[in-house]
Amino acid sequence: MQTKEYLQALMQNIIKKDPAEKLFHQAASEVLTSLEPILEADPKYIKYAVLDRMVEPERVIYFRVPWNDDKGLTHVNRGFRIQFNSAIGPFKGGIRFHESVTLSSLKFLAFEQTFKNSLTGLPLGGAKGGSDFDPRGKSEGEVMRFCQAFMDELYRHIGERTDVPAGDLGVGAREIGFMFGHYKKITNKFVGVFTGKGPSFGGSLIRPEATGYGVVFFAEEMLKCKSEGIRGKTCIISGTGNVGIHTAEKILQMGGKVVGFNDYDGAVYDKEGLDQEKLAFLKDLVFVRRGSLKEYVKKFKSAEFHPGKKSWFIPCYAAFPTACENELTLEDAKTLVNNGVKIVCEGANMPCTPEAVDLFQSKGVLYAPGKAANAGGVAVSGLEMTQNTIRLSWSREEVETQLKKIMRNIHSACVEEACLYNKPGDYLLGANIAGFKKVADAMIAQGVI
Ligand code: GLU
């Protein structure tokens with residue numbers, strides 16, 4: 001069978017088996033399309049049915065999470081852990097608590113994670129987990145009881161050499177602390193079973209900043225290829241979570257100008273740009289007070305608020321989507337291109353729709369997929385695992401230096417693979433092929449398992 005037909009049949013089979021899993025179809029289709037040249041070049045991948053195996057998770061854990069609210073009323077949520085691929089290391093990936101969480105969304109995230117983790121060059125398999133529970137609007141006691149109930153089931157499936165979860169949307173240091181504490185209590189073991197822990201109990205310095213910082217290091221590498229840099233460039237960000245805020249912080253440190261960002265309520269357009277005082281206000285607003293960006297424009301008169309809008313209408317040189325999947329549509333991409341955007345670097349997982357990506361690539365906009373550009377978070381998780389194993393903590397400088405090196409290596413791997421297959425500048429193809437190769441070769445070497 002020809003490669004194209006093989007890939008088409010595989011994709012049709014994926015859709016036939018789980019017709020409702022649209023997000024997973026989207027992620028799988030993007031990967032399968034870019035792998036065509038490598039399958040063509042090396043017949044062993046089809047011979048050993050590597051891709052047929054890769055699109056099936058090794059294991060899916062699906063469980064009930066009952067918990068009591070502050071009034072004593074009982075609620076039930078769904079819990080999941082998708083252990084997608086452990087060919088190159090223990091399962092690794094975040095836990096997401098958000099009302100949008102479904103089996104399909106976690107399958108897409110765990111699939112992406114497999115490629116992302118491979119790109120880091122560290123021995124990390126791919127996984128993702130979570131629940132349709134939303135910590136927003138819940139009391140601290142409710143969040144803690146939920147995390148404990150979630151861990152009452154998940155603990156038996158994870159372990160520092162088996163599966164190491166971390167944070168994601170809705171799961172930050174607080175939730176990880178509660179889950180780690182409960183795991184320790186149930187198992188009577190103090191081990192590095194989570195990453196993103198507090199620094200006083202085994203967490204790595206720079207882990208909270210790592211994804212955002214890594215995104216900017218990656219963008220800088222991309223711009224270097226064009227003899228450019230972030231310094232002096234106008235940037236916009238969507239999302240003011242952990243990734244968005246630390247992306248802004250690193251842009252500022254590197255001399256760029258952040259003029260736009262948005263949250264659930266709307267977008268802020270601040271022509272004068274963020275400075276240290278505004279960033280400090282933003283961090284306190286988001287991380288401590290968990291408030292709305294409306295407060296930012298009340299405090300800083302240079303800024304306008306656009307209710308219900310995302311940042312994409314704001315003219316910029318560089319755009320950083322850091323919120324969630326499919327947040328940047330073809331229409332948004334058209335607006336960005338018309339306003340002269342030169343680079344789009346994904347801090348979130350699959351935030352640009354396939355049509356938006358096609359437009360960027362056809363218009364010569366530098367585009368980096370999340371699995372490459374946002375791999376800094378899981379990379380520092382890998383460094384946290386190493387520190388836990390050797391029972392040492394590295395300094396901020398040490399971790400940041402290693403992070404920068406890893407982002408540079410990922411960038412080089414993408415560029416090299418894209419060139420090898422005659423698609424220079426195609427970071428999507430480069431990332432998919434580079435991520436695939438390592439996992440696929442390990443799978444072949446380990447036999448049919
Ligand atoms: N959830 C993050 C990601 O999407 C981090 C995962 C981790 O540190 O294990 O990569």
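This is a predicted model, so every value here is computed, not measured. What you see below is based on every heavy atom in this structure, not just the backbone, and it leaves out hydrogens, waters and symmetry mates. Numbers here are sequence positions counted from 1. Just follow the structure's listing: the first ligand is 1, and inside any ligand the first atom is 1.
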Short N or O separations between ligand 1 and the protein, below 3.5 Å:
{"residue": "ligand 1", "atom": "1 (N)", "partner": "Lys128", "partner atom": "NZ", "Å": "3.3"}
{"residue": "ligand 1", "atom": "1 (N)", "partner": "Gly167", "partner atom": "O", "Å": "2.9"}
{"residue": "ligand 1", "atom": "1 (N)", "partner": "Asp168", "partner atom": "OD1", "Å": "2.8"}
{"residue": "ligand 1", "atom": "4 (O)", "partner": "Lys116", "partner atom": "NZ", "Å": "3.0"}
{"residue": "ligand 1", "atom": "4 (O)", "partner": "Lys128", "partner atom": "NZ", "Å": "3.1"}
{"residue": "ligand 1", "atom": "4 (O)", "partner": "Asn349", "partner atom": "ND2", "Å": "3.4"}
{"residue": "ligand 1", "atom": "8 (O)", "partner": "Arg207", "partner atom": "NH2", "Å": "2.9"}
{"residue": "ligand 1", "atom": "8 (O)", "partner": "Ser381", "partner atom": "OG", "Å": "2.6"}
{"residue": "ligand 1", "atom": "9 (O)", "partner": "Lys92", "partner atom": "NZ", "Å": "2.7"}
{"residue": "ligand 1", "atom": "10 (O)", "partner": "Gln113", "partner atom": "NE2", "Å": "3.1"}
{"residue": "ligand 1", "atom": "10 (O)", "partner": "Lys116", "partner atom": "NZ", "Å": "2.8"}

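- Geometrically, Lys138 does not engage Phe97 in a cation-pi contact defined by less than 6.0 Å to the ring centre and at most 45° from the axis.
- Using a 30° and 60° split on the angle between ring planes, Phe190 and Phe180 fall in the perpendicular class, above 60°.
- Cation-pi geometry between Arg136 and Tyr264 is met: the NZ or CZ atom falls under 6.0 Å from the ring centre, inside 45° of the normal.
- A perpendicular orientation is assigned to the rings of Phe133 and Trp67, their planes being inclined by more than 60° (bins at 30° and 60°).
- By the 6.0 Å and 45° rule, Arg289 stacks over the aromatic ring of Phe281.
- Between Phe218 and His411, the angle of the ring planes goes over 60°, which puts this pair in the perpendicular group of the 30/60° scheme.
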